[in-house]
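Structure, as structure tokens:
Heavy-atom basis, side chains included; hydrogens, waters and symmetry copies ignored. In what follows, chains carry the letters A, B, and so on, assigned in the order in which the sequence lines appear, proteins first and then strands, with residues in each chain numbered from 1.
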Amino acid sequence: MLIRVDPGSGVAIYDQIAASVRAAAARGALRPGERLPAARELADALDINIHTVLRAYQDLRDEGLVDLRRGRGAVVTEAASRGAPILEAVRALVAEARNEGVGAQTLISLIREEYPA
Amino acid sequence: MTDTRSPRTRLPLSVWVVTVALPLIVAAVAVALQLAWLPELPDPIAIHWGPDGAPDGFAPAWASIALTGGLALGLTGLFALILGLARGAGPTATHKLLAVVSLGEALFTGVLVTASVGLQRGVADASAAPDLGPWVAIGLGAAVLAGIAAWFALPPAVRPDADAVPARPIALAPGERGVWIATTRVSSGAVAIILVAVGVALAASVFAAVATDGALWPVLFVPLLLLVLVCIGVAWRVRVDASGLAVRSLPLGWPRVVIAAGDIAEVATEHVEPLAEFGGWGWRWAPGRSFGVVTRSGPAIRVTRRDGRRFTVTVDDAATGAGLLATSSSSATETGERGPQTGSARRDR
């Protein structure tokens, strides 16, 4: 699983980590039952604070994408793979947006309007 | 069973001739000679010589003939089985090594056992049998010479990494960091087969130890060593980040292979066939300054260090891992870094 963080992007680091995990699960690179990397390992590799990683894992737990258990780490749930069926539609949407010259921020705003939290 | 990723290519006939046909011919000649000498032999005959050169083990003559035939059939069958399982384009150096060892082993046992019987022609009592010592050297010499001749007579070894594709670096924004973490493990089916093989080795060495009244007890270390190798070789954690590549055995974290980004000359992905290219599964060495962590047949990340040494690890989604590693490697080269990043105390949030 590839996790990327860009401190200069303006998006909170923990949100970026959570987004990487969500994308990996939706793409099928992360299957239900698999364990996420230990928070300590991820923090060392990305040169960030361990609490930032834990915050991301807690957010994922609150969404129901992982189970957090003491001693077992963060385990991916069945719910995490639900994004897979719409992946193709998302790719088509992004391609169409590129085609029409619609920027990423505009596209995300449009999606937010259609799908309020 | 079909495997679209690796079209099965046939090994040249010459490899099978060296692995199976020649050893069986050697064994047939050995058995025929021993049968022809049968009327001239004492009963029982000497079958084992002590360190002082005097015979100290005896058995009926047919036991020696049965040993020659049985060993030849069993070992040749084993080599043929391994060769048959070692799929992939061939012959690789591993295929050739199997063939050469099969032939050498057949010559060594054939010469030694036949000589041990031949020495006793016309001897009334086997305890007066002459020293076998010189024949050990002759058998060994014949085996080595035939092995070397066969190696050069066989077609040159193909490089199994001909299908390697240079990794495409993953573009990172300035300041952006990436980590790729994956777990790779030997399938339960393969582990079961390996454990059965270790069990057979254990039974054989216990038998050897008991049959020699404990004189051969050190052979018991062989299956124990095998068991340790199995335990450390089954599951591995692969990590790629800015510092380079780290592959650690689970769950102990040892052994581990760490390659600093600055030491990497080239990153590629390739398809690996465990038996044909590495002679098996787990933590492996392959001819050509190359080590590997090999858990299954399939895609792998291959790293070439600046000094030419290679390391290969089979892992799912190898293209992504190799891509990030190529990025780490090129940025380490640009900043002139060598070895692991030290003194980096930068922390965010």
Side-chain angles (χ1 to χ4, degrees), chain A residues 1-21 23-60 66 71-76 81 84 87 104, chain B residues 167-185 235-248 250-251 253 256 258 260-261 269 299 301 315-328 331-332 337 340-349:
Chain A
M1 179 187 44
L2 177 66
I3 294 180
R4 303 164 65 152
V5 297
D6 181 359
S9 74
V11 179
I13 303 264
Y14 56 82
D15 275 343
Q16 296 184 38
I17 295 172
S20 288
V21 173
R27 266 190 289 116
L30 206 54
R31 279 186 272 288
E34 269 188 70
R35 221 181 311 181
L36 296 185
R40 161 64 56 202
E41 185 176 19
L42 208 52
D44 284 347
L46 291 170
D47 200 10
I48 56 179
N49 196 298
I50 185 170
H51 296 292
T52 311
V53 180
L54 289 172
R55 169 83 193 264
Y57 284 9
Q58 278 154 13
D59 286 355
L60 290 166
V66 301
R72 282 204 63 211
V75 179
V76 179
S81 58
L87 182 63
Chain B
R168 241 188 313 160
I170 290 175
L172 292 179
E176 188 179 9
R177 293 166 229 155
V179 58
W180 183 79
I181 295 178
T183 306
T184 182
R185 59 182 74 240
W236 301 79
R237 176 58 64 106
V238 184
R239 184 174 113 184
V240 173
D241 59 24
S243 68
L245 172 72
V247 179
R248 290 176 297 130
L250 296 177
R256 71 169 80 199
V258 177
T269 54
I301 302 175
V315 61
D316 288 341
D317 197 19
T320 307
L324 185 63
L325 190 56
T327 307
S328 304
S331 63
E337 272 178 42
Q341 272 181 303
T342 47
S344 160
R346 195 172 42 157
R347 294 273 160 177
D348 294 82
R349 306 184 69 88

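Note that the OG1 atom of B:T183 and the CZ atom of A:R35 stand 8.5 Å from one another [nearest 0.5 Å]. Put simply, CG on B:D241 and CG on A:L42 are 10.0 Å apart, with the number rounded to the nearest 0.5 Å. To the nearest 0.5 Å, the span separating CG on B:D317 from CG on A:L30 amounts to 11.0 Å.
Closest approach of B:P174 to A:D6, counting heavy atoms only: O-OD1, 4.1 Å. Of all the heavy atoms in A:L46 and B:G178, the pair that sits closest is CD2-C, 3.9 Å. Of all heavy-atom pairs between A:P37 and B:R237, the closest is CA-NH1, 3.7 Å. Listed here is the closest heavy atom pair of A:V5 and B:E176: O-CG, 3.2 Å. Residues A:D47 and B:R177 share a closest heavy-atom pair of O-NH1, 3.2 Å. Pairing each heavy atom of A:P7 with each of B:G175, the nearest pair is CD-O, 3.3 Å.
Residue contact with chain A, scored on non-hydrogen atoms closer than 4.5 Å, involves the side chain of B:L324 exclusively. A:E41 touches chain B through backbone and side chain together, each having a heavy atom under 4.5 Å away. Proximity to chain A (any heavy atom under 4.5 Å) is shown, for B:L172, by both the backbone and the side chain.
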